[in-house]
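Take a look at the structure set out below.
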Amino acid sequence: MSVQAYVVRDEQRPPDNALLQVVQRGLRSQPKRLPSWLFYDEQGSALFEQICEQPEYYLTRAEIALLSEHAANIAEVLGPDVRLVEYGSGHAIKTRLLLEHLATPVAWVPVELSSEPLRLGMQRMAQHFPELPIQPLSVDFTRPLRLPVPPRAPRRTVLYFPGSTIGNFEEREAAQLLRKMRGEMGDNGGILVGADLKKDRATIEAAYNDRAGVTEAFTLNMLTRLNRELGCNFELGAFRHRSRYNAMAGRIETYIVSKREQRVRVGRLQVLFREDEAMLVEYSCKYSLEDFAALAATAGLAVQHVWTDSAGMFSLQYLTRSNAG
């Protein structure tokens with residue numbers, strides 16, 4: 001395993017007091033909202049892996065089908081001697097399909113805040129690519145990254161952002177993140193980003209409301225985490241999951257809904273929830289190709305290549321600096 005001297009650093013995990021401030025601020029806002037990164041403690045990450053296996057959750061199957069068909073062409077476009085920096089690497093299953101086709105990659109830099117998925121992803125990748133240098137970063141990818149010094153000079157740095165995580169950001173925040181990535185990739189670099197495509201409401205809503213209830217367990221696990229880490233007293237049976245597609249905004253909106261009027265302790269704050277009050281916990285934006293090109297342009301980027309699965313459900317898009325940027 002070529003991790004060499006590089007160790008998993010957990011530099012940007014928020015201390016409990018900062019976490020409490022984030023949660024209290026979100027629960028004081030109107031309407032109430034909490035950031036979606038709160039989903040991903042160890043249990044939440046495991047539940048998300050289960051979501052990806054549900055029959056209704058088309059996204060992972062579509063992305064794997066896309067990579068199975070197009071990975072060789074994607075690798076040809078990226079070229080040899082790439083340093084691949086992966087945002088939110090998780091278990092890195094899809095990354096393996098890409099790395100199998102990359103010519104002489106310089107290094108893989110998995111960026112993942114959850115330390116256990118990062119460790120497992122590195123372990124699996126090292127088994128498949130024992131000569132590949134691995135330089136992990138256990139940090140929040142939305143903050144500026146200090147990339148490790150590569151073992152040799154790359155021809156280009158490519159920031160790989162698989163899945164549909166870019167869709168979890170509102171348009172302004174997504175543009176800010178892409179602008180940050182534009183700086184980190186360097187003059188000759190690029191961004192390979194997954195974007196879920198617009199399709200019929202029934203297919204989209206089913207993906208976020210699976211019959212087995214795994215997505216609901218994943219959503220409500222956020223409350224379990226707050227009880228454990230902050231000493232809150234959320235009663236899970238008094239809340240439910242709700243995901244609906246907002247066609248006008250082009251996004252799934254996920255809420256935790258209070259089943260009755262109740263008060264919850266959050267630090268020294270007593271938070272009132274009305275019956276049927278909905279707390280926003282995640283957006284999942286869906287794009288047309290024109291939508292995503294316009295978003296990229298606001299960040300000084302241009303879409304150079306687009307790959308989709310055969311059913312046109314999901315896209316991988318390669319972005320570079322635009323001449324106007």
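- You'll find the side chain of Leu47 stays beyond 4.5 Å of the side chain of Tyr40, heavy atoms only.
- Dense packing is recorded around CD of Glu277, with more than 12 heavy atoms of other residues, nucleotides or ligands lying under 6.0 Å away.
- More than 12 heavy atoms of other residues, nucleotides or ligands sit less than 6.0 Å from atom CZ of Arg152.
- Cluster membership for Leu230 and Leu272, using ILVMFWY side-chain heavy atoms within less than 4.5 angstrom, is not shared.
- Within a 6.0 Å sphere centred on CZ of Arg156, other residues, nucleotides and ligands contribute more than 12 heavy atoms.
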Let me see the working for Glu170 and Arg33 under salt bridge (Lys or Arg N to Asp or Glu O under 4.0 Å), right down to the final yes or no.
CA-CA 13 Å; Glu170 295 183 66; Arg33 62 183 301 164; 3.4 Å; yes

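- Expressed to the nearest 0.5 Å, how far CG of Leu102 lies from CD1 of Ile74 amounts to 9.5 Å.
- Taking NZ of Lys180 as the reference point, atom CG of Leu178 lies at 10.5 Å (rounded to 0.5 Å).
- A salt bridge is absent between Glu275 and Arg260: the closest approach of a Lys/Arg side-chain nitrogen to an acidic carboxylate oxygen does not fall below 4.0 angstrom.
- In this structure the side chain of Ile252 never reaches within 4.5 angstrom of the side chain of Arg244, judged on heavy atoms.
- The line from CG of Asp210 to OG1 of Thr215 is 3.5 Å long, rounded to the nearest 0.5 Å.
- In this structure, Val106 is not a member of the same hydrophobic cluster as Leu137, with clusters built from ILVMFWY side-chain heavy atoms closer than 4.5 Å.
- Phe141 places none of its side-chain heavy atoms less than 4.5 Å from the side chain of Leu159.
- Across all their heavy atoms, Arg225 and Trp37 have their closest contact at NH1-O, 3.6 Å.
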Can I get a per-line list of side-chain donor-acceptor pairs under 3.5 Å for residues 57-67, giving both atom names and the distance, sequence neighbours left out?
residue: Tyr58; atom: OH; partner: Asp196; partner atom: OD1; Å: 3.4
residue: Tyr58; atom: OH; partner: Asp196; partner atom: OD2; Å: 2.5
residue: Tyr58; atom: OH; partner: Lys199; partner atom: NZ; Å: 3.1
residue: Arg61; atom: NH1; partner: Gln54; partner atom: O; Å: 3.2
residue: Arg61; atom: NH1; partner: Pro55; partner atom: O; Å: 3.3
residue: Arg61; atom: NH1; partner: Tyr57; partner atom: O; Å: 3.2
residue: Arg61; atom: NH2; partner: Pro55; partner atom: O; Å: 2.8
residue: Glu63; atom: OE1; partner: Lys94; partner atom: NZ; Å: 2.9
residue: Glu63; atom: OE1; partner: Gly163; partner atom: N; Å: 3.2
residue: Glu63; atom: OE2; partner: Gly163; partner atom: N; Å: 2.9

Are Val306 and Leu289 close enough, and set up right, to give a side-chain contact (heavy atoms from CB on, under 4.5 Å), and what steps lead you there?
CA-CA 9 Å; Val306 177; Leu289 296 181; 3.9 Å; yes

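- Ring-plane geometry between Phe218 and Phe48 is classed as tilted, the angle between the planes lying from 30 to 60 degrees on a 0 to 90 degree scale.
- Summarising the geometry of Ala195 relative to Tyr287, their closest heavy-atom pair is CB-CD1, 4.0 Å, with the distance given to 0.1 Å.
- Hydrophobic clustering, with ILVMFWY side chains joined whenever heavy atoms are under 4.5 angstrom apart, groups Leu97 together with Val77.
- In plain terms, the two heavy atoms of Gly88 and Glu112 that are nearest each other are C-OE1, 3.4 Å.
- No side-chain donor from either of Glu49 and Ser45 sits under 3.5 Å from a side-chain acceptor of the other.
- Salt bridge Arg228/Asp41: present, at least one basic N to carboxylate O contact under 4.0 Å.
- Judged purely by distance below 3.5 Å, without hydrogens or angles, the side chains of Asn73 and Trp307 pair a donor atom with an acceptor atom.
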Are Arg179 and Gln176 close enough, and set up right, to give a side-chain contact (heavy atoms from CB on, under 4.5 Å), and what steps lead you there?
CA-CA 5 Å; Arg179 204 170 292 118; Gln176 288 176 347; 4.1 Å; yes

Test Leu197 against Met313 for side-chain contact (heavy atoms from CB on, under 4.5 Å), laying out the working first.
CA-CA 6 Å; Leu197 299 177; Met313 305 276 275; over 6 Å; no

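- Annotation: side chain of Val22 is in contact with side chain of Pro35 (closest heavy-atom distance under 4.5 Å).
- In the displayed structure, Glu76 atom CD is contacted under 6.0 Å by at most 12 heavy atoms of other residues, nucleotides or ligands.
- Side-chain contact between Ser284 and Asn168 is present, with heavy atoms from C-beta onward closer than 4.5 Å.
- The backbone N or O of Val257 sits nowhere less than 3.5 Å from a side-chain atom of Asp276 that would complete a donor-acceptor pair.
- Nearest heavy atoms, His101 versus Ala71: CD2-CB, 3.5 Å.
- Donor-acceptor pairing under 3.5 Å is lacking for the side chains of Trp108 and Gln135.
- A donor-acceptor pair under 3.5 Å is absent between the side-chain atoms of Ser315 and the main chain of Gln317, judged by distance alone.
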Would you mind writing out the side-chain donor-acceptor pairs for residues 291-304 within the sub-3.5 Å range, not counting sequence neighbours?
residue: Asp291; atom: OD1; partner: Ser288; partner atom: OG; Å: 3.2
residue: Asp291; atom: OD2; partner: Lys198; partner atom: NZ; Å: 3.0
residue: Asp291; atom: OD2; partner: Ser288; partner atom: N; Å: 3.0
residue: Asp291; atom: OD2; partner: Ser288; partner atom: OG; Å: 3.1
residue: Thr298; atom: OG1; partner: Leu295; partner atom: O; Å: 2.5
residue: Gln304; atom: NE2; partner: Thr320; partner atom: OG1; Å: 3.0

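- Contact of the Arg265 side chain with the Cys232 side chain is not registered, since no non-hydrogen atoms from C-beta on lie closer than 4.5 Å.
- Remark: side-chain polar atoms of Asn246 are not paired, donor with acceptor, to backbone N or O of Arg251 under 3.5 angstrom.
- Atom CZ of Arg172 and atom CG of Leu177 lie 12.5 Å apart (nearest 0.5 Å).
- Contact annotation: the side chain of Met125 approaches that of Thr95 to within less than 4.5 Å [non-hydrogen atoms, C-beta and beyond].
- For the 3.5 Å distance criterion, the side chains of Tyr87 and Glu184 qualify, holding a donor opposite an acceptor.
- The main-chain N or O of Leu280 is never found under 3.5 Å from a side-chain atom of Lys32 such that the two would form a donor-acceptor pair.
- Between the side chain of His241 and the backbone N or O of Leu220 there is no donor-acceptor pair closer than 3.5 Å.
- Residues Gln24 and Val271 are not in side-chain contact: their nearest non-hydrogen atoms beyond the backbone lie 4.5 Å or more apart.
- The structure places CD of Glu205 at 13.0 Å from CD of Glu56, a figure rounded to the nearest 0.5 Å.
- Using a 4.5 Å cut-off between side-chain heavy atoms of Ile, Leu, Val, Met, Phe, Trp and Tyr, with links allowed through other members, Tyr208 and Tyr283 fall into different hydrophobic clusters.
- Note on residues 253-282: pairs passing ring pair (Phe, Tyr, Trp, His ring centres under 6.0 Å), not counting sequence neighbours, are Phe239-Phe273.
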Just do the side-chain contact (heavy atoms from CB on, under 4.5 Å) check on Phe234 and Leu226 with the steps written out, would you?
CA-CA 8 Å; Phe234 285 98; Leu226 298 182; 3.9 Å; yes

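- Asn227 and Thr224 form no side-chain donor-acceptor contact under 3.5 Å, judged by distance and modelled atom types alone.
- Here the shortest heavy-atom pairing between Pro162 and Glu86 reads CG-OE2, 3.4 Å.
- With hydrogens and angles ignored, the 3.5 Å screen pairs a side-chain donor or acceptor of Asn209 with a backbone N or O of Ser243.
- Between the OG1 atom of Thr157 and the CG atom of Leu147 there is a distance of 7.0 Å, given to the nearest 0.5 Å.
- Judged purely by atom type and a 3.5 angstrom limit, Arg242 has no side-chain atom pairing as donor or acceptor with the backbone of Thr254.
- Hydrophobic clustering places Leu20 together with Leu269 (ILVMFWY residues linked when any side-chain heavy atoms are closer than 4.5 Å, directly or through intermediates).
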